[in-house]
Amino acid sequence: MPELPEVETVVKSLQREICGQIIEKVLVTEEMIIGYPSDVEDFKARLKNKEILELRRRGKYIVIRLSANFLLIIHLRMTGQLLVKDRGADKEKHTHVIIEFKEGFDLRFNNVRKFGRMYLVTEEELEQAGGFTELGPEPLSANFDFAYFSGLTQKSRQKIKALLLDQRKIAGLGNIYTDEALYRSGIDPQRPANSLTSKEIKKLLKNIKKVLQAGIKYNGTTFSDYVNALGESGSFQEKLLVYGRKGESCNYCGCNISKDKVAGRSTHFCPECQS
DNA sequence: CGAGGTACCTGACAGC
DNA sequence: TGCTGTCAGGTACCTC
């Protein structure tokens with residue numbers, strides 16, 4: 001479900017609700033959600049009485065900084081939701097973890113497909129494990145610039161779509177925003193990365209940033225599951241030019257938008273503008 | 001290194 | 001109504 005703009009929106013909405021809260025109790029009804037520590041009782045015990053200090057995003061990860069140097073790191077994968085709920089609210093069918101705050105409300109982790117994960121580590125543990133070094137730069141940061149991106153593309157024969165989806169190279173792009181950025185740049189998703197001209201690289205770089213910023217501005221893209229921490233949908237789906245528009249006409253040339261498998265993912269593109 | 005496949009899970013939807 | 005197959009915003013892991 002969520003890519004960078006959706007995760008960013010969740011973090012922002014959550015920040016306002018849970019900063020400064022103290023954790024009283026944690027309920028875990030689906031143990032596979034807890035990626036670390038391996039003992040769920042440790043997970044629960046470590047969280048007890050910790051204060052929520054700060055929230056941030058790294059790629060598609062949500063990073064919650066807690067007191068005593070702990071970090072609660074969450075990946076929503078396809079269908080994860082983090083929701084602020086009243087203590088008495090009905091537990092939904094796919095609520096797998098509930099973090100109860102002393103003030104009387106909860107943070108609940110819903111996840112239909114159970115792919116999402118929560119990791120509770122100390123700063124030291126994270127560092128020992130190599131931290132987030134496996135993740136590429138943030139696409140909206142100044143580090144993600146022409147020099148970096150052209151170096152990346154020029155030394156790879158990968159299909160450009162596969163490269164954009166590779167979190168070790170760029171952290172945060174997913175299937176929707178990749179298709180949108182490639183379409184807006186007029187680049188065939190199948191092109192080998194090292195076949196892009198310098199002009200195309202510039203254009204793609206600019207459009208990656210633009211499409212992500214627009215996604216954030218419209219609070220993300222909601223097709224089915226994605227909502228922010230208050231249960232509110234995003235609206236960027238209304239601005240999509242190719243994703244989910246198979247058979248509809250291209251805004252520029254009028255021909256039908258196609259959908260094919262590229263790099264193992266369903267890929268939407270205009271066969272005319274992106275040839 | 002790159003490509004392609006499988007697996008993890010559940011639900012929605014199309015077609016019969 | 002119900003069965004079957006396909007697909008889904010992500011990623012890890014395997015083989016060729």
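Numbered from 1 within each chain, the chains take letters A, B, ... in sequence-line order. Hydrogens, waters and symmetry mates play no part in the numbers below; they use all other heavy atoms, side chains included.
Residue Ser266(A) has no polar side-chain atom (N or O) positioned under 4.0 Å from OP1 or OP2 of dT6(C). Here Lys261(A) does not reach the OP1 or OP2 of dC7(C): none of its side-chain N or O atoms lies under 4.0 Å away. Considering only side-chain N and O atoms, Lys60(A) lies under 4.0 angstrom from the phosphate OP1 or OP2 of dT11(C). The side chain of Ser156(A) contributes an N or O atom lying less than 4.0 Å from OP1 or OP2 of dG2(B). Close to dC1(B), at under 4.0 Å from its OP1 or OP2, lies no side-chain N or O of Lys169(A). Within the structure, a side-chain polar atom (N or O) of Arg265(A) is placed less than 4.0 Å from OP1 or OP2 of dG10(C). For dC9(B), the OP1/OP2 oxygens have no side-chain nitrogen or oxygen of His94(A) closer than 4.0 Å. His75(A) has a side-chain polar atom (N or O) that falls below the 4.0 Å cut-off from OP1 or OP2 of dT11(C). The side chain of Lys114(A) places an N or O atom within less than 4.0 Å of a non-bridging phosphate oxygen (OP1 or OP2) of dT10(B). The side chain of Gln167(A) places an N or O atom within less than 4.0 Å of a non-bridging phosphate oxygen (OP1 or OP2) of dT11(C). Side-chain N/O atoms of Tyr177(A) include none lying less than 4.0 angstrom from OP1 or OP2 on dG9(C).
One P atom belongs to dT1(C), the other to dT10(B), and the distance between them is 24 Å to the nearest Å. Nucleotides dG9(C) and dG2(B) place their P atoms 23 Å apart, quoted to the nearest Å. On the P atoms, dC9(B) is 27 Å away from dG2(C), given to the nearest whole Å.
Note: CG (Asn110(A)) to P (dG9(C)) measures 20 Å, nearest angstrom. Between Gln190(A) atom CD and dG2(B) atom P the separation is 16 Å, expressed in whole Å. In this structure, the CG atom of Asp179(A) is 10 Å from the P atom of dG10(C), given to the nearest Å. To the nearest angstrom, P of dA7(B) lies 17 Å from CZ of Arg77(A). The separation between Asn111(A) atom CG and dT10(B) atom P is 11 Å, rounded to whole Å. For the pair Ile62(A) CD1 and dG10(C) C1', the computed distance is 14 Å after rounding to whole Å. In this structure, CD of Glu30(A) is placed 14 Å from P of dC8(B), rounded to the nearest angstrom. In this structure, Gln81(A) places its CD atom 12 Å from C1' of dG9(C), rounding to the nearest Å.
Both tests hold for Lys202(A) against Phe146(A): distance to the six-membered ring centre under 6.0 Å, angle to the ring axis within 45°.
Using a 4.0 Å heavy-atom cutoff across all strands shown, Ser224(A) reaches at least one base atom of the nucleic acid. Using a 4.0 Å heavy-atom cutoff across all strands shown, Gly264(A) reaches no nucleic acid atom at all. Heavy atoms of Thr222(A) sit under 4.0 angstrom from at least one base atom.
Of the candidates dG9(C), dG10(C), dG11(B), dG11(B) carries the atom nearest the Lys93(A) side chain, counting heavy atoms from C-beta on. The listed nucleotides are dG4(B), dA8(C), dT11(C); the one nearest the side chain of Lys159(A) is dG4(B). Candidate nucleotides dG9(C), dT11(C), dC9(B) were compared by shortest atom distance to the side chain of Tyr226(A), and dG9(C) ranks first. The side chain of Asp225(A) lies closest to dG9(C), out of dG9(C), dG2(B), dT10(B). Between dC9(B), dG10(C), dG2(B), one nucleotide has an atom nearer to the side chain of Met32(A) than all others, and that is dC9(B).
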Verdict with reasoning, Phe269(A) to Tyr243(A), per ring-ring contact (aromatic ring centres under 6.0 Å, His included): CA-CA 8 Å; Phe269(A) 62 99; Tyr243(A) 193 90; over 10 Å; no

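Between Asp179(A) and Pro189(A) the shortest side-chain heavy-atom distance does not fall below 4.5 Å. A 4.5 Å side-chain heavy-atom check between Leu55(A) and Ile18(A) finds at least one atom pair inside the cut-off. Counting heavy atoms from C-beta on, the side chains of Leu204(A) and Phe149(A) come closer than 4.5 Å.
Aromatic ring orientation, Tyr61(A) versus His75(A): perpendicular (interplanar angle above 60°, classes split at 30° and 60°).
Note: His96(A) and Phe109(A) fail the aromatic proximity criterion, with ring centroids not under 6.0 Å apart. Between Tyr177(A) and Phe236(A), the distance separating the two ring centers is shorter than 6.0 angstrom.
Stacking between Phe115(A) and dT11(C) is absent: the aromatic ring centre is not both under 5.5 angstrom from the base six-membered ring centre and within 30 degrees in plane angle.
Annotated stems with DNA chain C as a participant read B:2-8 with C:10-16, B:10-16 with C:2-8, given as range with range, by first number; only runs of 3 or more Watson-Crick or G-U pairs under 3.5 Å qualify.
Hydrophobic clustering (ILVMFWY, side-chain heavy atoms < 4.5 Å, transitive): Ile73(A) and Tyr36(A) are in one cluster.
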